[in-house]
Peer 1: 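The structure follows.
Since this is a predicted model, take the numbers as computed values, not measurements. Reckoned from all heavy atoms, side chains included, excluding hydrogens, waters and symmetry mates.
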Amino acid sequence: VQLVESGGGLVQAGGSLRLSCVASGRDLSDYAMGWFRQSPGKEREFVATVSRTGATTYYADFVKGRFTISRDNAKNTVYLQMFSLKAEDTAVYYCTADHGPPSAVVSSYRYWGRGTQVTVSS
């Protein structure tokens with residue numbers, strides 16, 4: 001499956017962005033989906049994940065209450081709605097997919113997009 005992220009950009013602290021990830025090549029409903037992020041000099045870290053049906057979601061503690069992951073299998077698209085953005089949210093955000101269950105572990109995911117840059121100015 002190929003994954004293409006979009007929706008990144010430059011936003012002021014306290015602002016919002018919605019990231020999208022469109023999948024092609026396979027039926028998205030076959031995959032658990034996740035979002036990870038990576039800042040310069042840091043390891044890739046878990047942000048959020050959603051089960052195949054969308055019924056189950058998990059979030060990193062640092063985004064709980066601010067970010068929401070959702071999916072529209074009919075559109076083969078996963079979203080990450082981000083509110084109350086902070087300077088420390090600045091990173092490249094990656095969409096990921098795997099046949100396994102939702103996971104917060106990088107190595108659990110087989111398919112990755114190329115990422116979209118999110119920059120939050122303070």
Peer 1: Going from CE on Met33 to OG on Ser51, what distance comes out if it is rounded to the nearest 0.5 angstrom?
Peer 2: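 If I round to the nearest 0.5 Å, the distance is 12.0 Å.
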Peer 1: Which atom names give the shortest non-hydrogen contact between Ser103 and Ser108, and what distance separates them?
Peer 2: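 For Ser103 and Ser108, the tightest heavy-atom pair comes out as OG-OG, 3.0 Å.
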Peer 1: Mark yes when over 12 heavy atoms from residues, nucleotides or ligands other than Tyr111 sit less than 6.0 Å from its OH; otherwise mark no.
Peer 2: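 Yes, because the 6.0 Å sphere around OH of Tyr111 holds more than 12 heavy atoms from other groups.
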Peer 1: Looking only at non-hydrogen atoms, find the nearest pair between Asn73 and Ser29 and report the distance.
Peer 2: ND2-CB, 3.6 Å
Peer 1: Can a donor-acceptor pair be found, under 3.5 Å and without considering hydrogens, that links the side chain of Asp98 to the backbone of Arg110?
Peer 2: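 Checked: pair present.
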Peer 1: Less than 4.5 Å apart, side chain to side chain, heavy atoms only: is that true for Trp112 and Arg44?
Peer 2: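 Side-chain contact under 4.5 Å: yes.
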Peer 1: Before we go on, tell me: are the rings of Phe36 and Tyr109 under 6.0 Å apart, centre to centre?
Peer 2: yes
Peer 1: Is there a path of hydrophobic side-chain contacts, each under 4.5 Å between heavy atoms, that joins Leu80 and Phe46?
Peer 2: no
Peer 1: Do Val78 and Val1 belong to the same hydrophobic cluster, where Ile, Leu, Val, Met, Phe, Trp and Tyr are linked whenever their side-chain heavy atoms lie under 4.5 Å apart, directly or via other members?
Peer 2: yes
Peer 1: Please check: side-chain N/O of Arg71 versus main-chain N/O of Leu28, any donor-acceptor pairing under 3.5 Å?
Peer 2: yes
Peer 1: Any sub-3.5 Å donor-acceptor pair from Ser39's side-chain atoms to Thr90's backbone N or O?
Peer 2: yes
Peer 1: Taking all heavy atoms of Gly7 and all of Leu17, pick out the closest pair and write down the distance.
Peer 2: O-CD2, 3.7 Å
Peer 1: Return the minimal non-hydrogen interatomic distance between Ala32 and Pro102, and the atom names on each side.
Peer 2: CB-N, 3.8 Å
Peer 1: Suppose the criterion is disulfide bond (SG atoms under 2.5 Å apart): which pairs have a residue in residues 16-102, not counting sequence neighbours?
Peer 2: Cys21-Cys95
Peer 1: Got a donor-acceptor contact below 3.5 angstrom from the Ser20 side chain to the Tyr79 backbone?
Peer 2: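 Judged by distance alone, no pair lies under 3.5 Å.
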Peer 1: Could you tell me whether the side chain of Ser84 and the main chain of Gly14 form a donor-acceptor pair under 3.5 Å?
Peer 2: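 A pair under 3.5 Å: no.
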Peer 1: Is the shortest distance from a Lys or Arg side-chain nitrogen in Glu5 or Arg114 to a carboxylate oxygen in the other one below 4.0 Å?
Peer 2: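 Salt bridge flag = no for Arg114 with Glu5.
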Peer 1: Which atoms form the tightest heavy-atom contact between Leu3 and Ala23, and what is the distance?
Peer 2: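 Smallest interatomic distance, heavy atoms only, reads CD2-CB, 3.7 Å.
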Peer 1: Can you tell me if Asn76 uses its side chain to pair, donor with acceptor, with the backbone of Arg26 under 3.5 Å?
Peer 2: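 Yes, because the side chain of Asn76 sits within donor-acceptor range (under 3.5 Å) of the backbone of Arg26.
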Peer 1: Within a strict 4.5 Å, meaning less than it, do heavy atoms of the Tyr59 and Arg66 side chains meet?
Peer 2: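 No, their side chains stay 4.5 Å or more apart.
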Peer 1: Val11, Val63: one ILVMFWY side-chain cluster at the under-4.5 Å cut-off?
Peer 2: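 Same hydrophobic cluster.
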Peer 1: With sequence neighbours left out, write down each residue that passes side-chain contact (heavy atoms from CB on, under 4.5 Å) with Val92, or none if nothing qualifies.
Peer 2: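 For Val92, the residues satisfying side-chain contact (heavy atoms from CB on, under 4.5 Å) (neighbours in sequence not counted) are Tyr94, Gln117.
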Peer 1: Using a strict threshold of under 4.0 Å (side-chain N to carboxylate O), is an ion pair present between Lys86 and Asp89?
Peer 2: no
Peer 1: Assign the ring pair Phe67 / Tyr93 to parallel, tilted or perpendicular, where the plane angle (0 to 90°) is split at 30° and 60°.
Peer 2: tilted
Peer 1: Starting from Leu85, can I reach Phe62 by hopping between I/L/V/M/F/W/Y residues whose side chains sit under 4.5 Å apart?
Peer 2: yes
Peer 1: Find out whether Arg37 and Val118 are in side-chain contact, i.e. whether some heavy atom of one side chain is under 4.5 Å from a heavy atom of the other.
Peer 2: no
Peer 1: Working to the nearest 0.5 angstrom, can you tell me the gap between Glu43 CD and Gln38 CD?
Peer 2: 8.5 Å
